[in-house]
2 protein chains.
Amino acid sequence: MSEQKVRNMEEFAALVGVSRPTVSKYFNDPSSVREKTRKRIEVALEQHDYRPNIYAINQNRRQTKTIGLVVPNLTDPFFAAIARIIEGMILEAGFNPLLLSSHAGPDQEISNLDSLRAIKPAGVLLAPLGRASKVDAIAEFAEQIPTTLFDANLDGVGEAFFGSDNDQSVALIVEYLCRSGEPPSFFELEDPVNPNAIKRRNAYKAAMERVGREPLFVRVEGSGWDFEEIGFSRGRELISRKQLPTSTVLCSNDRLAIGLLAAAFDQGISVGIGEDCSMRIAGHDDHPFARYTCPSLTTISQDYVAIGQHSVDTILGIIERGERLDQRIVSLFEGRLVMRGSA
Amino acid sequence: MSEQKVRNMEEFAALVGVSRPTVSKYFNDPSSVREKTRKRIEVALEQHDYRPNIYAINQNRRQTKTIGLVVPNLTDPFFAAIARIIEGMILEAGFNPLLLSSHAGPDQEISNLDSLRAIKPAGVLLAPLGRASKVDAIAEFAEQIPTTLFDANLDGVGEAFFGSDNDQSVALIVEYLCRSGEPPSFFELEDPVNPNAIKRRNAYKAAMERVGREPLFVRVEGSGWDFEEIGFSRGRELISRKQLPTSTVLCSNDRLAIGLLAAAFDQGISVGIGEDCSMRIAGHDDHPFARYTCPSLTTISQDYVAIGQHSVDTILGIIERGERLDQRIVSLFEGRLVMRGSA
DNA sequence: AATAAAACTTACCGCGCGTAAAATTATTGC
DNA sequence: GCAATAATTTTACGCGCGGTAAGTTTTATT
């Protein structure tokens with residue numbers, strides 16, 4: 001590696017022995033220059049480790065090579081896992097992912113979009129907070145920058161939405177629970193912020209009615225994203241006061257279920273499908289930790305590889321074609337029943 | 001909000017009625033322009049929502065207002081939590097955090113540093129992978145851009161290291177376990193990648209010897225960051241074959257402990273401090289989920305607020321002064337014993 | 001070898017801002 | 001009220017690259 005420092009593309013081009021525009025072409029698309037030239041540039045590149053100034057590049061380009069990825073809460077391992085998968089897909093497509101977390105706050109969500117606006121990304125994949133989101137501001141953002149939603153839908157916002165088919169997945173687990181024992185009650189927040197929660201509530205009701213059972217809701221107070229804590233503290237109260245209507249409980253998501261499992265343990269209730277168990281608990285999402293709860297959690301696994309891939313492909317398509325979709329796409333993917341020890 | 005779109009600072013300055021450089025000064029430091037001018041700019045700002053082009057800004061600045069934050073694995077809720085805290089501190093200091101995850105891979109770690117190099121951050125906070133890290137490349141990076149390490153130390157790399165005092169924290173929990181029952185054996189990976197793991201191993205040995213007990217190591221095979229899985233599968237084997245040397249087990253970290261707890265449950269072993277329990281399990285780190293394991297996990301809580309704050313303050317100091325530290329700082333913070341149900 | 005096509009060079013402009021130095025304006029002391 | 005000084009603003013220049021058009025050289029084709 002040469003000691004000489006290359007200050008800009010002009011200097012680097014001189015070292016290579018070609019003109020600056022040729023070097024510029026190379027960096028935009030190495031295959032757009034002649035084989036021989038490419039080799040020469042690449043040799044020089046190794047000797048001087050020059051890299052174009054990213055700010056100067058993006059100042060003039062209409063579009064950057066960045067794709068924004070905004071998730072509601074990175075502290076939630078579920079979203080951390082999805083984010084990681086999608087990051088990989090973006091990289092594979094030759095773009096740079098920029099991951100931002102809204103930290104469960106609508107203001108932070110808007111602030112993230114503002115940051116992205118400043119960066120002029122080619123596109124954005126957004127998993128919105130849901131009902132807490134400032135929809136108008138997000139819609140305005142999506143007008144400016146190609147945006148697709150995933151996980152949670154906001155009606156009419158963005159080019160597309162990819163998520164889970166809660167009707168299908170909840171029906172799946174409700175039917176399983178009914179088939180294998182007592183029909184479940186539904187454990188959820190009284191006033192959920194997440195649209196999925198509302199869809200699951202309705203899906204549960206419909207599924208129960210379909211099998212001729214009366215839907216029973218256990219609605220607990222609690223706000224925010226501290227689901228484990230809510231599941232634990234409210235669950236403990238309910239169990240100790242024997243206020244649970246059934247001994248089989250389907251939770252609106254895995255994190256609530258993890259809290260409820262802890263509450264049951266705390267109250268000396270053994271959970272599971274064995275003869276000696278007095279309670280069954282199921283969740284939804286296949287949280288990364290669902291495998292290691294005690295007992296391991298029966299749940300629904302979302303197809304987030306499909307969700308991620310469709311989100312990425314859609315945004316890439318829009319970027320390539322340079323024009324928006326004629327019609328907003330909404331596509332839902334089926335969940336898979338993951339049978340474990342808890343139900 | 002006016003409909004007229006402001007294209008650049010020139011136009012915006014014209015609208016305000018001052019020169020462009022004055023506006024530029026305002027954005028760099030609002031207090032650097034006269035009160036009257038500031039007010040006028042701010043009024044115009046509300047009417048036209050202009051924002052300077054971030055690429056044009058950074059093209060000419062020697063230093064950007066970005067601080068890089070690299071963690072080994074965002075999928076690990078422990079790091080997700082730390083990252084979030086540090087992000088907040090960076091924001092509070094008036095800088096923009098850029099969070100990157102190394103996804104447990106040395107190549108990704110280097111790739112993250114390369115990305116950061118392109119962005120010319122004012123400073124970087126790096127939690128390295130540890131022994132798997134490509135130390136030379138990281139050291140070279142730290143020469144170019146002010147960098148402090150946290151969580152895991154790499155000898156001599158970066159301006160400073162802030163981490164936990166494993167000697168103190170492990171002694172604390174070893175002494176507690178010895179005081180309250182059978183002395184613990186130490187459950188760990190045979191060949192750990194994390195420097196903390198090695199320090200904890202040694203700290204355990206020293207602490208046991210100090211109380212006049214023989215250190216007993218349970219070393220299991222397994223690589224990577226899939227600690228729960230390793231703890232679970234290896235733990236299950238050990239328990240079923242009755243190969244654990246003691247019924248009190250101190251795990252090298254909480255994630256291993258979570259796996260081991262699941263293994264114990266799987267094998268019908270009741271864990272906890274009650275009369276009817278036949279095993280005690282403790283961890284280290286106070287993982288966000290440690291509160292909701294069954295039973296809840298007795299562990300050591302790292303003072304990552306202090307770790308984060310010192311990391312941020314140190315890098316800010318270097319940035320402000322514009323020069324590196326005379327001497328590398330190494331500062332360790334004490335852990336706190338968190339007594340819960342498992343031990 | 002003639003021709004066409006591809007690749008490259010030259011020359012120029014524009015992007016949106018930072019920054020040092022010069023010019024202006026405001027403040028202070030007397 | 002006036003000069004001296006300090007604070008603020010303006011002038012003037014540069015940053016490192018993208019993009020384009022016209023001209024030149026190289027390569028591929030026949």
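The basis for the numbers below is simple: all heavy atoms, side chains too, and nothing from hydrogens, waters or symmetry mates. Reminder, nothing fancy here: chain letters follow the sequence lines and each chain counts from 1.
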Visitor: OP1 or OP2 of C:dC15 versus the side-chain N and O atoms of B:N8: is any pair under 4.0 Å?
Guide: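 No, no such contact exists.
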
Visitor: Got a list of protein N/O to nucleotides 22-29 of chain C N/O distances below 3.5 Å?
Guide:
none

Visitor: Regarding B:K25, tell me which of base, sugar-phosphate or nothing describes its non-hydrogen contacts under 4.0 Å with the strands shown.
Guide: base

Visitor: Restricting to side chain to side chain donor-acceptor pair (under 3.5 Å), what partner residues turn up for B:D155, sequence neighbours left out?
Guide: none

Visitor: Identify, with sequence neighbours excluded, every residue that meets side chain to side chain donor-acceptor pair (under 3.5 Å) alongside A:T147.
Guide: none

Visitor: Whole angstroms only, please: what is the NZ-P distance between A:K39 and C:dC8?
Guide: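 To the nearest whole Å, that distance equals 14 Å.
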
Visitor: Under 4.0 Å: is that the gap between some side-chain N or O of B:T22 and OP1 or OP2 of D:dT8?
Guide: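 For D:dT8, neither OP1 nor OP2 has a side-chain N or O of B:T22 closer than 4.0 Å.
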
Visitor: What is the distance from CD1 of A:I57 to C1' of D:dG19, rounded to the nearest Å?
Guide: 14 Å

Visitor: Please state whether the phosphate of C:dT10, meaning OP1 or OP2, lies under 4.0 angstrom from any side-chain nitrogen or oxygen of A:S19.
Guide: no

Visitor: Can you check whether B:N53 has a side-chain N or O nearer than 4.0 Å to OP1 or OP2 of C:dG16?
Guide: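 Checking B:N53 against C:dG16: no side-chain N or O falls below 4.0 Å of OP1 or OP2.
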
Visitor: Between B:A56 and B:S32, which is nearer to the 5' end of DNA chain D once each is assigned its nearest nucleotide?
Guide: B:S32

Visitor: Taking CG from B:N58 and P from C:dG16, how many angstroms apart are they, rounded to a whole number?
Guide: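 For the pair B:N58 CG and C:dG16 P, the rounded distance is 15 Å.
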
Visitor: In whole angstroms, how far is the C1' atom of D:dT9 from the CZ atom of B:R38?
Guide: 15 Å

Visitor: Just how far, in rounded Å, is C1' of D:dC17 from OH of B:Y55?
Guide: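 The answer, rounded to whole Å, is 14 Å.
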
Visitor: Partners of B:R324 by salt bridge (Lys or Arg N to Asp or Glu O under 4.0 Å), sequence neighbours excluded?
Guide: B:E159

Visitor: Quickly work out the A:Q59 CD to D:dG19 C1' distance and round it to whole Å.
Guide: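 Rounding to the nearest Å, CD of A:Q59 and C1' of D:dG19 are 13 Å apart.
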
Visitor: Please answer whether the main-chain N or O of A:Y26 pairs with a side-chain N or O of A:R38 as donor and acceptor at a distance below 3.5 Å.
Guide: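 No, because the side chain of A:R38 does not come within donor-acceptor range (under 3.5 Å) of the backbone of A:Y26.
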
Visitor: Taking atom P of C:dT19 as reference, at what distance in whole Å does atom CG of B:D29 sit?
Guide: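 Taking atom P of C:dT19 as the reference, CG of B:D29 is at 12 Å.
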
Visitor: Which residues satisfy the side chain to side chain donor-acceptor pair (under 3.5 Å) test with B:Y55, sequence neighbours excluded?
Guide: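 With sequence neighbours excluded, B:Y55 shows a side chain to side chain donor-acceptor pair (under 3.5 Å) to no residue whatsoever.
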
Visitor: Consider the side chain of A:P21, meaning its heavy atoms from C-beta on, and name the nucleotide among D:dC17, D:dG18, C:dT10 that approaches it most closely.
Guide: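 Shortest atom-to-atom distance from the side chain points to C:dT10.
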
Visitor: Go through the structure and list residues passing side chain to side chain donor-acceptor pair (under 3.5 Å) with A:D76, not counting sequence neighbours.
Guide: A:R255

Visitor: Under 4.0 Å between a side-chain N/O of B:Y50 and OP1 or OP2 of C:dG16, yes or no?
Guide: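 For C:dG16, neither OP1 nor OP2 has a side-chain N or O of B:Y50 closer than 4.0 Å.
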
Visitor: Donor-acceptor pair, distance only, cut-off 3.5 Å: does the side chain of B:R40 make one with the backbone of B:V16?
Guide: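 Looks like yes, one N/O pair under 3.5 Å.
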
Visitor: When the distance from CE of A:M9 to P of D:dC15 is rounded to whole Å, what number comes out?
Guide: 16 Å

Visitor: Is any N or O donor-acceptor pair between the side chain of A:R20 and the base of D:dG16 shorter than 3.5 Å?
Guide: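 Counting by modelled atom types and ignoring angles, no donor-acceptor contact under 3.5 Å is found here.
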
